[in-house]
Amino acid sequence: MLRLEHVSVAYGKHEALHDVSIEIPAARTTVILGANGAGKTTLLKTIAGLVQAKPRSRILFEDRPIENEPSHRIVSAGIALVPEGRRLFGDMTVIDNLKLGSYPERARADEARQLEKQLATFPRLAERRHQLAKTMSGGEQQMLAIARALMSEPKFLLLDEPSLGLSPRLIKELFATLRTITQGGQAVVLVEQNAHQSLQLADIVYVLENGRIHSSGTAAQMQKDAAIARAYLGLKAEPEKTGPAQVSEAAPAMATGGFVNPFARTIAPARDDMRHSPEGDADLQRGQTMGGFYNPYARAVSYDFAPKKPVPEAPAEPAAAHHESIDPAGGFANPYARSVEK
């Protein structure tokens, strides 16, 4: 088991992690969710010994403290990191990159078997075993980075944004390979922005927010959490049930025959004291949104109000007059201009 107790990390005056305590079990997949800048990468680098934690922070691996160990000893102990950006040796072949992964003494004796195992797990690498790493596609390079880390026979594999910059097809292939690895009993700690895919693999989920643990639980619990679903899964909370009158008042205002302005406030029904006042009539004719913004592209908003008194029917105009008049029904109106009265 890998356990962090009250781990805090700072870059100068900026504290990236604050009092983080988590338990990462063996032979399970642990996913770390969080927005950009939440401290996810710092968390993985601290475990791997690339970033020094503050005093009184403790990192226990199999009940042995490793917070002050150098990174190469942490790798030898059984923790391997696949960093963001892959960090391959571009001018070396696939095989040479893989052999560098067997640097720990306990992995050297079994290098040949591990090499064949990784080439079987990643068939694309077997096809390109003599190709230079820098000439491979992004997805192939990511597979090589993961295989190189697995060459050290780690007990815990730390993955930092493995799908970054990959196409949807390659992401699907990558996660299919990760599923094969996790099903084999490999302990994986995954930092990934693709929450949908990572939750398919997760046994335990931790959510980091501003360097602190915000929540934790199983993948099923996280998917049911409304706040997590909105923030990381793109799901909306179910709308509250309202009565008929409330639904009518809460309905978004649609300009008659035109577009809805997403930045404008909802056009509220006219008040009784505005229906029969010159100021109110002028505001309604101009399409005023009752304290909100104007939509210059929407047609004028009309209200079907009953007049105070009967309006005498105007005499019929000659056809020529109709021809000369401009009918605004099919065009756009100026929301700032008052109606022209004849």
Decide, yes or no, whether a salt bridge links Lys99 with Asp96 under the criterion of side-chain N to carboxylate O below 4.0 Å.
no
Closest approach of [X] to [Y] (non-hydrogen atoms, all atoms of both residues):
X: Ala147; Y: Leu125; result: CB-CD1, 3.8 Å
X: Thr46; Y: Ala53; result: CG2-CB, 4.0 Å
X: Leu174; Y: Pro162; result: CD2-O, 3.4 Å
X: Lys155; Y: Ala187; result: O-CB, 3.2 Å
X: Phe175; Y: Leu190; result: CE2-CD2, 4.2 Å
X: Val7; Y: Ser57; result: CA-OG, 3.4 Å

Would you say that [X] contacts [Y] through its side chain, given a criterion of any heavy-atom pair below 4.5 Å between the two side chains?
X: Gln193; Y: Asn36; answer: yes
X: Leu2; Y: Ile79; answer: yes
X: Asn194; Y: His196; answer: yes
X: Leu178; Y: Leu159; answer: yes
X: Ser71; Y: Leu50; answer: yes
X: Arg3; Y: Asp63; answer: yes
X: Thr41; Y: Glu84; answer: yes
X: Lys54; Y: Glu15; answer: yes

Using a cut-off of 6.0 Å, state whether more than 12 heavy atoms not belonging to Arg179 lie near its atom CZ.
yes
Under 3.5 Å, is there a donor-acceptor pair between the side chain of Lys45 and the main chain of Leu81?
no
Taking the side chain from Glu140 and the backbone from Ser137, do they hold a donor-acceptor pair closer than 3.5 Å?
yes
Show your reasoning for whether side chain to side chain contact (heavy atoms under 4.5 Å, CB included) applies to Thr93 and Gln131.
CA-CA 5 Å; Thr93 64; Gln131 187 172 330; over 6 Å; no
Which side-chain N or O atoms in residues 206-215 pair as donor and acceptor under 3.5 Å with protein atoms at least two apart or in another chain?
{"residue": "Tyr206", "atom": "OH", "partner": "Glu23", "partner atom": "N", "Å": "3.3"}
{"residue": "Tyr206", "atom": "OH", "partner": "Glu23", "partner atom": "O", "Å": "3.1"}
{"residue": "Arg212", "atom": "NH1", "partner": "His18", "partner atom": "NE2", "Å": "3.2"}

Donor-acceptor list for residues 26-33 side chains, cut-off 3.5 Å, not counting sequence neighbours:
none

Excluding sequence neighbours, so at least two apart, what forms side-chain contact (heavy atoms from CB on, under 4.5 Å) with Ser76?
Pro104
In terms of side-chain heavy atoms, does Glu192 have a donor or acceptor partner in Ser198 at a distance below 3.5 Å?
no
